[in-house]
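Lettering of chains follows the sequences in order, A, B, ..., and the numbering in each one begins at 1.
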Amino acid sequence: AEKWDMPMAYPATNFHSENAATFAACVTAGTGGEIEIVTHPGGSLFGGADIKRAVQTGQVPIGERLLSAHANENPLFGIDSIPFLATSFDDAVKLWTAAEPAIAEALDEQNLVLLYTVPWPPQGFYFNMEVNSVAAMKGVKFRAYNAATAKLAELTGMLPVQIEAAEISQAFATGVAQAMISSGATGYDSKLWENVSHFYEVDAWLPRNAVFVNKDTWAGLSDAAKTTLTDCAATAASDGLQKAKDYTQFTLDGLKSNGMQVLKPSEQLKSDLKAIGETMTSEWLASAGDKGKAIVDAYKSM
Amino acid sequence: MDAFGPVAIFLFTLFLLLGSGVWVGLALLGVAFVGMELFTSRPAGDAMITTIWAASSSWTLTALPLFIWMGEILYRTRLSEDMFRGLSPWMARLPGGLLHTNIVGCTVFAAVSGSSAATLSTVGRMSIPELRRRNYPERMVIGTLAGAATLGLMIPPSLTLIVYGVTINESITKLFMAGVVPGLVLASLFMGYVALYSKLSKAYRPDPEPAMSLAERLRNSRFLLPVIALIVVVIGSMYLGWATATEAAAIGVIGALILAAAQGSLTLKTFGESLMGATRTSAMIALILAGAAFLSLSMGFTGLPRALATWIGSLNLTAFELLMALLVFYIIIGCFLDGISSVVLTMAVVEPMIRQAGIDVIWFGIFIVVVVEMAQITPPIGFNLFVLQGMTRHEMNYIARAALPMFAIMVVMVFVLILWPELATWLPETMSRRGAG
Amino acid sequence: MKTLGRGLRRLLDGLYFAGGLIAAVCLVAILAIIVAQMVTRWTGLTFPGATSYAGYAMAAASFFAFAHALNRGAHIRVSVLLTALGPKRRWLELWCFAIGAALSWFFARYAIKAVYWSWKLKDVSQGQDATPLWIPQLAMAAGTVLLAIAMTDHLVRIVFLGEHGIKADTVDQSQGK
Ligand code: NA
Ligand code: NA
C-alpha cells in the first residue's frame, strides 16, 4: 500500500475539504488499500499558495488548490473568475465544460493531471452601506487580493486596499476596508455580520477548487488504479457541485438570520456591473489569446 | 499505538543535536530531516525549501523584525531610564517593587503586538538593564519576563487566535474579546506571585528608591509622557483604522525614531547600531523559525501529533477529563513544536472532539492560548527561552528554571478558566448581544 | 602563501559583513514598503503588490544576515556541555561545526535548486506583483550559501588553528553578573 498525503488549504469542516475526504476514502476503498489518501486540511501540511508547486515537483502526489489563484502563470487558470461572465451554477457548468480540455492541457504542461474541480458559491459584494449603483461605490475602500479584483476596484471607482485573508475581520472592524467581493460562504464562515452590514447577490463569478495529481505519479499507476481514481473523481465533482449549491442557500440564510441584509442588486447596479463585466472579459480575451477566445465563443454559443 | 518508535527517534536526534551545542535553528532542521528520511518516501530537501520559503517570506512576519528594531532604538535612548524614573516613586512601595514593570510593560505591549517574541524583545531590551542596575534578583527578572511576554499571544491582537479562528471558522473579533479579561487575570496572577515572592525571599533586596513627596512624584511622572505617547499612537493607529495590526509595527519604529531624535540620542552611530543589532536578532529568530517550519512539516508527514490526538479522542472521556488529557497532550507536544504549529497540526482532529463534548469553542480558544503560552517557555523548544538567551547570554537551562514558576502559574490559570469560564465568554457575549440589539 | 591567506581572510570577512549590510538595508526596505502602503492608502493612491514586496524584503533581511549573525555569536545554542568541557571543548566544537556545515550545505543546495526550479517552471507570485519567484528566492540561495561558507570557514579554522572565529558581542547586555 502506498500512502498519498493530500494537502488542502481550507478548514476540515469546509464543504470542499469534506468532499475531498470522501473522495480520499473512495480511492482508498476502491484500490483495496493500494493507494491510501491521507488528507491534510487547513493548510496543515502546505499552505494554499504552495500546494500546486508541491504537487508539480513531486513533494506530494496529490493536492487541492483554488485554480484562479494561479492566473498570473496562465490567464486560462483565471477563466472561472472573469467578473459577470458566468453568473449562475448552470452557466458556470457550461463555462467549465467549454474550458476544461484547454485547462487540463495547460496543467498537463505543468506536470499535473487534473482529476476534478468543484465550484465555490457565487461571489457577491459585501458593503458597509446600501449600494444601488456603481456610482455609489466611488471612493469606498475595497479589499483587492489579486490583479483582477484590483481592476474591478479601478473600474468601479473604488480604492483597492490589500488585506491578507487573516486580517479581514479586523480590517472591517476598524474601517481599513469597507467592501469586498467574496462568496456568501466566506462571510458566513468568518462571521462577517459582526462587522459588515450588506451582502449583494451579484453572482459575479464562481471560482473553482481543482484536485490534481503529479503526472509522474500518475504514469506509474496501474490501469485499475487510474480507473478507480477517475471514477471517484467523477463522483466527487458531481457531489461537490450539489454541496456547493446547498451550501449557497444555507450560508445566505445564515447571513440573514444573523442580522445581515442579503439583497438582490437593483436594476441600475445590475446593468452597471454588466458593462464592467464586458470590459473585463475583453481585457481577459486580449491576454488569453486564441485559446481563450475559443473557450468564450464556445461558452457563449451553448 | 505504534507511534513509540518515531517518537523515540525524534527525541533522540533532538537531544543529541541540541544538547551537543548545534545551533538551535540548524538542530531543528536536522531533526526534521531525519524524520522525513526515515518515515516518508517524499523528497526531504525540496519539501523543506517550499515550507521554509513560505514561512520566511510571509507578510505577517514583517512585524517581528520591526518591533525588534523598535526595541533596539528605544534601548539606545533615555526612554527606558526616564520610564523607570517616572514609575519608581509610585511602584517602589508595592511589594516586589519595580519588578512589576516587567509584567505591566508586557501587558501593555501585548496590546501593541501579536507575538510573544516581539513583546519580549521590546520590553526586555528596556527593562533588563534598569532592573539589573537596581539589583533585583536576576532569576526573577528573567523569569517574569519570559512568562509575562507570553501575554502577547492572549491580549489582542494575537497571531495564535487569528490562526485558531481561521482554522475552526470562528469569529476572530469574538476570540480577541475573549482574550482580554483572562489576559489581565493572568497578568495579576504573575504580579501576585512577585509580591508574594518578595515577601518570602530573603535574597529579594533591591536597592531602595529615594523617598519623595507627592509633588515630587507627580513632577517625576512627566518622564512617563514619551512612552505613553508612543504606546497611545501605536494602539490608536490600529483602532482608528490607520494601520492593520501588522502595519502598526512600522508606526512603532517611526515613533521610536522621532522620540530618539527629540531626545538628541539619534546619531548616525546609534541608528546604525540599532539597525545592525535588530538585523542580527531577527536573523537568529528567522533561522529558528525556518527550522521549526521544517520540523512542523516533517511532523505533519509522519502524522504523529494527529495520531496522538486521535488516540485521546478514542478514549471516550468526559468533558473535564478530555480537557485534562488535552492539557497534558499540548504541554508535551509544546515542548517540541511552536504553538501555532501544534494548533494547526492537531485542530482537524481536536475540533470535532471539542464540539462533541459540548465545550464552547471560543472558550477553548483561550484555553489553547494558555497552553500555547506554556509552550513558549518549556525546553527544549521554547521561543521565549531562545529570545532571552540571545538577549542575556544566560544558559537555556537557567532561563527555563527561572521561568518554571510562571509555567506553574499558567497551569493554575487553566483551572481558573475551567472554574470560571465566564472570564473568557462574558465579554464576547456581551458585545454580540449589543451588536444584535 | 601568507599574503594569499590574509587576502582570503579579508575577502571572506568582507563577504559576511556585506551580507549583514544588505540584510540591514532590506530591513529598512520593509519599513519603507509598509509606510508607503499606508500612505498610499490614506491618500487614495495604490501600491499594488506591497505585501508581497514586504515579504521578499523580509526573507532577504533574514537570509543575508545568517552568516554575519553567526560570526557575531547571535545564533543561539545550548552550550552547557561545551562550557563543562573547558579546554577540551575543541572536539565537541569540531562536531558542532561539522554538523552545522553539513546542514548548511544541505540547506544551500536545495535553496539553489528551488531557484532553478522556480525559473524553469516559470513560477510567479500569486499576488498583484506577479514577480517571477526566482528573483526574490535568489536572496535565499545567496544567504544560505554564505552561511554554509561561514560554517566551513570556522570548521577549517578549528581543524588547523584549534579555534573558531566567532566573536560574540560582549558589550551588549551579557550576563549582568
Ligand atoms: Na497581543
Ligand atoms: Na516549548
### Query
Got a sec: does the CH2 of B:Trp242 have more than 12 other heavy atoms crowding it under 6.0 Å?
no
Output for pair (C:Ile34 CD1, B:Ile254 CD1), nearest 0.5 Å, gives 10.0 Å
Taken to the nearest 0.5 Å, the spacing of C:Ser62 OG from B:Leu61 CG works out to 6.5 Å
If one checks every heavy atom of C:Thr83 against chain B at 4.5 Å, the contacting part turns out to be side chain
- So, do B:Asp46 and C:Trp117 sit near enough that their side-chain heavy atoms are less than 4.5 Å apart? no
Test item: C:Leu21 and B:Met276 side chains (from C-beta on) under 4.5 Å apart, heavy atoms:
yes
Under 4.5 Å to a heavy atom of chain C? For B:Leu17 that would be side chain
Here the gap from B:Ser57 atom OG to C:Leu133 atom CG, rounded to the nearest 0.5 Å, amounts to 8.0 Å
inquiry  = Using a strict threshold of under 4.0 Å (side-chain N to carboxylate O), is an ion pair present between C:Arg41 and B:Glu247?
reply    = yes
Indicate yes or no: at least one non-hydrogen side-chain atom of C:Arg77 is less than 4.5 angstrom from one of B:Leu18. no
Heavy-atom nearest pair, B:Gly21 first then C:Leu82, reads CA-CD1, 4.5 Å
If one checks every heavy atom of B:Tyr398 against chain C at 4.5 Å, the contacting part turns out to be neither
If one checks every heavy atom of C:Leu70 against chain B at 4.5 Å, the contacting part turns out to be side chain
Applying a strict 4.5 Å limit to non-hydrogen atoms, the region of B:Ser58 in contact with chain C is backbone
Honestly, the part of C:Ile99 sitting under 4.5 Å from a heavy atom of chain B is side chain
Answer yes or no: is there a side-chain heavy-atom contact under 4.5 Å between C:His75 and B:Leu287? yes
More than 12 heavy atoms of other residues, nucleotides or ligands under 6.0 Å from CH2 of C:Trp42: is that the case?
yes
What verdict does the side-chain contact (heavy atoms from CB on, under 4.5 Å) test give for C:Phe107 and B:Ile52, after you've listed the backbone C-alpha separation in whole Å, the side-chain angles of each residue and the deciding distance to 0.1 Å? CA-CA 10 Å; C:Phe107 196 174; B:Ile52 286 182; 3.8 Å; yes
Heaviest contributor of heavy-atom pairs below 4.5 Å to chain B, chosen from C:Ala74, C:Ala114, C:Ala57, is C:Ala74
Is it the case that more than 12 heavy atoms not belonging to C:Glu163 sit under 6.0 Å from its CD atom?
-> no
Okay, C:Glu93 and chain B: the region with an atom under 4.5 Å from a heavy atom over there is neither
Between B:Thr279 and C:Ala23, the two heavy atoms sitting closest are CG2-CB, 3.5 Å
Turns out that what part of B:Val22 lies under 4.5 Å from chain C's heavy atoms comes down to both
Smallest heavy-atom separation, B:Phe33 atom then C:Phe106 atom, equals CD1-CZ, 3.4 Å
For B:Trp59 and C:Ser52, indicate whether the former's side chain and the latter's backbone hold a donor-acceptor pair under 3.5 Å.
no
Report task. For the residue pair C:Leu27 and B:Trp69, establish whether any side-chain heavy-atom pair is separated by less than 4.5 Å. Result -> yes
Max heavy-atom pairs within cutoff under 4.5 Å with chain B, candidates C:Ile76, C:Leu81, C:Val35, goes to C:Ile76
Cut-off 4.5 Å, heavy atoms of chain C, and the answer for B:Leu289 is neither
| said: Less than 4.5 Å apart, side chain to side chain, heavy atoms only: is that true for B:Ile251 and C:Met38? | reply: yes
**Prompt:** Is there a donor-acceptor pair closer than 3.5 Å between any side-chain N or O of B:Arg280 and the backbone N or O of C:Phe66?
**Reply:** no
Residue B:Leu268 excluded, over 12 heavy atoms near CG under 6.0 Å: no
### Message
If you define the side chain from C-beta out and look only at heavy atoms, does anything of B:Leu64 sit under 4.5 Å from C:Met58?
### Response
no
- prompt: Is there a side-chain contact between C:Leu103 and B:Trp23, using heavy atoms and a 4.5 Å cut-off?
  reply: no
For atom CZ of B:Arg205, is the number of surrounding heavy atoms from other residues, nucleotides or ligands below 6.0 Å larger than 12?
-> no
Closest non-hydrogen contact found for B:Leu26 with C:Ser104 is CD1-OG, 4.0 Å
Ring geometry between B:Trp53 and C:Phe63 (parallel below 30°, tilted from 30 to 60°, perpendicular above 60°) = parallel
What one should report as the nearest heavy-atom pair of B:Pro65 and C:Ile30 is CG-CD1, 4.4 Å
One should read off an interatomic distance between C:Arg109 CZ and B:Ile49 CD1, to the nearest 0.5 angstrom, of 10.5 Å
Smallest heavy-atom separation, C:Ala54 atom then B:Thr62 atom, equals O-CG2, 3.7 Å
